[in-house]
Number of protein chains: 2
Amino acid sequence: MSKQAAVDVSCCPALTERRVPAETAAALAPAFKALGDPVRLQLMSMIASAEGGEICVCDLTPAFDLTGPTISHHLRTLREAGLVDADRRGTWVYYRARPTILRQLAALLTVTPPSAT
Amino acid sequence: MSKQAAVDVSCCPALTERRVPAETAAALAPAFKALGDPVRLQLMSMIASAEGGEICVCDLTPAFDLTGPTISHHLRTLREAGLVDADRRGTWVYYRARPTILRQLAALLTVTPPSAT
DNA sequence: ATGCTGTCTCGACGTCTGTCGAATCAGACA
DNA sequence: TGTCTGATTCGACAGACGTCGAGACAGCAT
């Protein structure tokens, strides 16, 4: 169901540690971009914090003053950025977060105390 | 010199912990958006990892196959997202990272192990 | 099969974004 | 003062983005 971005960057010294190589930047930037919209950031949070690790589109849509197609579009963006997985079960579609990439992004942003080694 | 975004969100339970409120999403999304371009992600990294905590535009520009105005535009975007500070010293302009907001972003993305409390 | 409900795709629209060249501003220095 | 260099702003352009309504598809229940 999902054309996923190939984000498996070897892994993640922090931004502040050394200069991020162009390939890493190219691989990770789309994920940040996907989070760069308030609606998607909230969607991501609702998905990632959902009870049982997943949440139905039918619970996401009514939380916004936006049409179904628009929410669907944002969910697709999150999917294509590799941030979430979708899974149809009967009538409903459930979304779950992909923790690995979230950890990569968090690691990249980690600020090492200036008074470190 | 810099019209800075007012990003001082009280602070940061992780995305995965509870649903991010709309105001927090609205405040932080621009920072993610700013990082959502490969060039800006590299610029941010070069700035944040610079020796002495700052770096001259004259050291940033030649690292890319882009014109000066384009780099300047990306730096302005980072500035307006509150991610960096600029500081002119004589002929040259130096950029430095703002660690507080980086920490907020990292905290937001922190994945709490599912087997937690 | 028919219909109903939830979700997605398609096509369109106005806006925003990344890039450039040309022009401008800020300091240093002769 | 005038001129040179570094950095920014301005104006323009093609392409991407967020949103919507209309339509299509998937699965359940008559």
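Every chain is numbered from 1 and lettered A, B, ... according to where its sequence line falls, protein lines coming before strand lines.
- Remark: A/K33 is in phosphate contact with D/dC17, judged by side-chain N or O atoms under 4.0 Å from OP1 or OP2.
- In this structure, B/R96 does not pair ionically with B/D85, as no charged nitrogen and carboxylate oxygen lie closer than 4.0 Å.
- As a whole-Å value, the separation of A/E80 CD from D/dC17 C1' is 13 Å.
- Note: NE2 (B/H74) to C1' (D/dA7) measures 16 Å, nearest angstrom.
- Phosphate contact (OP1/OP2 of C/dC8, side-chain N/O of A/R76, threshold under 4.0 Å): absent.
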Open item on the list: Using a 4.0 Å heavy-atom cut-off to protein, can you give one letter per nucleotide of nucleotides 21-30 of chain C, 5' to 3': B if the base is in contact, S if only the sugar-phosphate is, - if neither?
Closed with: BB---SSS--
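- Residue B/Y95 places at least one side-chain N or O closer than 4.0 Å to OP1 or OP2 of D/dT8.
- Side-chain contact check for A/T112 and A/E17: at least one donor-acceptor pair (N or O, by modelled atom type) lies under 3.5 Å.
- Contact check, B/H73 against D/dC10: no side-chain N or O comes under 4.0 Å of OP1 or OP2.
- Side-chain proximity of A/D37 to D/dT8, C/dC8, D/dG18: nearest is D/dG18.
- In the set D/dC20, C/dG18, D/dG18, the nucleotide with an atom closest to the side chain of A/L66 is D/dC20.
- Between the side chains of B/Y94 and B/R88, no donor-acceptor pair of N or O atoms lies under 3.5 Å.
- Residues passing the side chain to side chain contact (heavy atoms under 4.5 Å, CB included) test with A/T61 are A/V57, A/I71, sequence neighbours excluded.
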